[in-house]
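Remember, predicted model here, so these are calculated numbers, not experimental data. Quick note on labels: first sequence line is chain A, next is B, and so on, each numbered from 1.
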2 protein chains.
Amino acid sequence: MSKQSTYQQIVNAADNLFYQNGFEHTSFTDISNLVSISRGNFYHHFKTKNDILSAVIKARLANTQAMLDEWQTAEATPEGRIKCYIHILLTNWDKIQHYGCPVGTLCTELAKLNHASKEEATQVFTLFRQWLKQQFKQLGHVDDADQLAMHVLAWSQGVATISSTFQNKEFAEQEVQKINAWLDKLNH
Amino acid sequence: MSKQSTYQQIVNAADNLFYQNGFEHTSFTDISNLVSISRGNFYHHFKTKNDILSAVIKARLANTQAMLDEWQTAEATPEGRIKCYIHILLTNWDKIQHYGCPVGTLCTELAKLNHASKEEATQVFTLFRQWLKQQFKQLGHVDDADQLAMHVLAWSQGVATISSTFQNKEFAEQEVQKINAWLDKLNH
DNA sequence: AAATTAATAGGACGGCCATCCTATTAATAA
DNA sequence: TTATTAATAGGATGGCCGTCCTATTAATTT
C-alpha cells in the first residue's frame with residue numbers, strides 16, 4: 001500500500017473524527033495531530049472547516065457509490081443485493097456500536113447546526129434510497145418501490161440507533177433476521 | 001398560568017435549545033438571552049453546564065413518566081396505549097420534522113461526546129422500553145415482550161430520523177399505518 | 001429595625017478555536 | 001542553474017466559551 005497524499009490523509013482523518021466525535025466537536029488541532037502535520041500547513045490544502053466537511057462528504061458519496069456498484073455485480077439477484085445492505089449493520093457492528101450510523105448521525109448533527117452542507121450530507125442517504133428503489137422495482141414492486149426503499153432505510157436507522165444506545169448486538173441480529181424474513185415474504 | 005421560577009425557566013429554555021440546536025452548540029449566553037437574565041446570575045442556580053444537562057434530563061424523565069401515566073389511565077387497552085406512543089410521531093411532527101426525536105438525538109450526541117451523562121440520557125429510552133414491554137406482556141406476549149418493545153422503539157427512531165432528513169411527512173403517516181396494522185395482526 | 005440570606009448584574013480570566021500571516025524548505029520549471 | 005511554485009511550520013489574532021469573582025439589590029428572618 002503506497003503512502004497517501006497529505007490531502008487524502010486529511011480527508012481520511014477528518015472522516016473518522018467527524019464520525020467518532022462529531023463534526024462540531026472535531027477541531028483543526030485534532031485532525032492535524034492525527035495526520036502529524038502543523039496547523040499552518042493545513043490551510044494550504046483547505047481554506048475552511050466547511051471545505052473539509054465538503055471533501056469528506058464527497059469522499060463518502062464516492063465510497064458509497066463504489067460499494068453499491070460492487071454489490072450490483074457481486075450479487076445476482078435484487079434480494080441478494082438488498083440483503084447486502086441489511087447486513088452492513090452486522091459487518092460494521094463494532095463501529096456502529098460506538099458511533100451509530102455514519103450517515104444518519106451526520107445528517108442529524110448538521111440539521112441541528114442548520115449547517116450549509118446538510119443537504120449535501122443527505123445525498124448519501126439519497127444514493128442508498130435510489131439504489132434500493134431500483135432493487136425493489138426489479139422485484140416487481142413498481143408502484144411502492146420508493147416507499148419500500150424508505151422503509152428499509154428507516155429500519156436500518158432505527159436499529160442502528162437503538163442497538164447502539166443500548167449496546168445490544170443481539171437485538172440487531174434479531175432485527176436482521178426479521179427484516180430478511182419480511183423480504184422473503186415480500187417476494188413469496 | 002403563573003410565572004415560573006427562574007430555575008424552571010432556565011431548565012425549560014435549556015431543554016428547548018439542547019433539542020433544537022444540540023447540547024454542545026448551546027452556550028450559556030444562548031440560554032441566558034432566552035431567559036433574559038445575566039450570565040452571572042446563572043451560576044447562582046447551576047454551577048456547571050453539566051448540571052443544567054442533568055436537570056434537563058431529570059425534567060424529561062419526569063415529563064415522560066407523566067405522559068406514560070396519563071396514557072395508562074386514558075386508554076383502556078394495551079393496544080390503545082401502544083398506539084398512543086406510535087401516534088406522538090404525528091402529534092409532534094412539526095418539531096420532529098426540524099429537530100428529530102428529542103430522546104434519540106440527545107443520546108446520539110452524548111455518545112459521540114463520550115459525555116458523563118450519556119447513560120442518564122438513555123434512561124428516557126429505558127422508561128419507554130419498560131412501559132412498552134409491560135403493554136406487550138399484557139397482550140400475552142410474555143416471552144418476547146422486551147424484543148417487541150425494542151422493535152417499536154427502533155421503528156419510531158428510524159421513521160423519525162428518515163422522515164425528518166427527507167422532510168417527508170407522508171412517509172411518516174404511511175409508516176404509522178403500517179405499524180398499526182402490524183400491531184393489530186400481532187393480536188389477531 | 002437590623003441582620004442575614006437569596007438573587008441578580010456584569011466584568012475578568014484563561015482556554016480553545018478557526019483563521020490568518022509570514023518565513024522557511026522542498027520540488028519543479030525555465 | 002536559476003526562477004518559480006508547492007508544501008510545511010509555527011506564531012499571532014480576535015472571538016467565543018465556560019467559569020469565577022465581586023458588588024449591588026431584593027427578600028427573608030430575627
Candidate nucleotides D:dG18, C:dG10, D:dA9, ranked by approach to the side chain of A:I37 - the nearest:
D:dA9

Centroid separation under 6.0 Å, is that true for the rings of B:W155 and A:H151?
no

Measure the distance from OH on A:Y7 to P on D:dA6 and round it to the nearest whole Å.
16 Å

Here's a test of your reading of the structure: between A:G40 and A:H25, which maps to the more 5' nucleotide of DNA chain C?
A:H25

note: B:H115, atom NE2; D:dG18, atom P; distance rounded to Å ~ 11 Å

Candidate nucleotides D:dG18, D:dG10, D:dG11, ranked by approach to the side chain of B:F28 - the nearest:
D:dG18

Regarding B:F42, tell me which of base, sugar-phosphate or nothing describes its non-hydrogen contacts under 4.0 Å with the strands shown.
nothing

Among C:dC17, D:dA9, D:dG18, find the nucleotide with the atom closest to the side chain of A:S27.
C:dC17

Contact under 4.0 Å: B:Y43 side-chain N or O vs D:dC20 OP1/OP2
no

Do A:K137 and A:D146 meet the salt-bridge criterion of a basic N to acidic O distance under 4.0 Å?
no

Quickly work out the A:N41 CG to D:dG10 P distance and round it to whole Å.
11 Å

Please report the distance, rounded to the nearest Å, between CZ in B:F46 and C1' in C:dA7.
14 Å

Whole-Å gap separating P (C:dA18) and NE2 (A:H44)
20 Å

Under 4.0 Å between a Lys/Arg side-chain N and an Asp/Glu carboxylate O for A:K58 and A:E120?
yes

B:T48 side chain near D:dG18 phosphate (N/O to OP1/OP2, under 4.0 Å)
no

Length of the CG-P vector between A:L53 and C:dA18, whole Å:
13 Å

Cationic tip of A:K133 within the cone over A:F128's six-membered ring, i.e. under 6.0 Å and within 45° of the normal?
no

By nearest atom, which of the nucleotides C:dG11, C:dC17, C:dT8 is closest to the B:R39 side chain?
C:dG11

Rounded distance in Å - CD1 (A:I31) to C1' (C:dC17)
12 Å

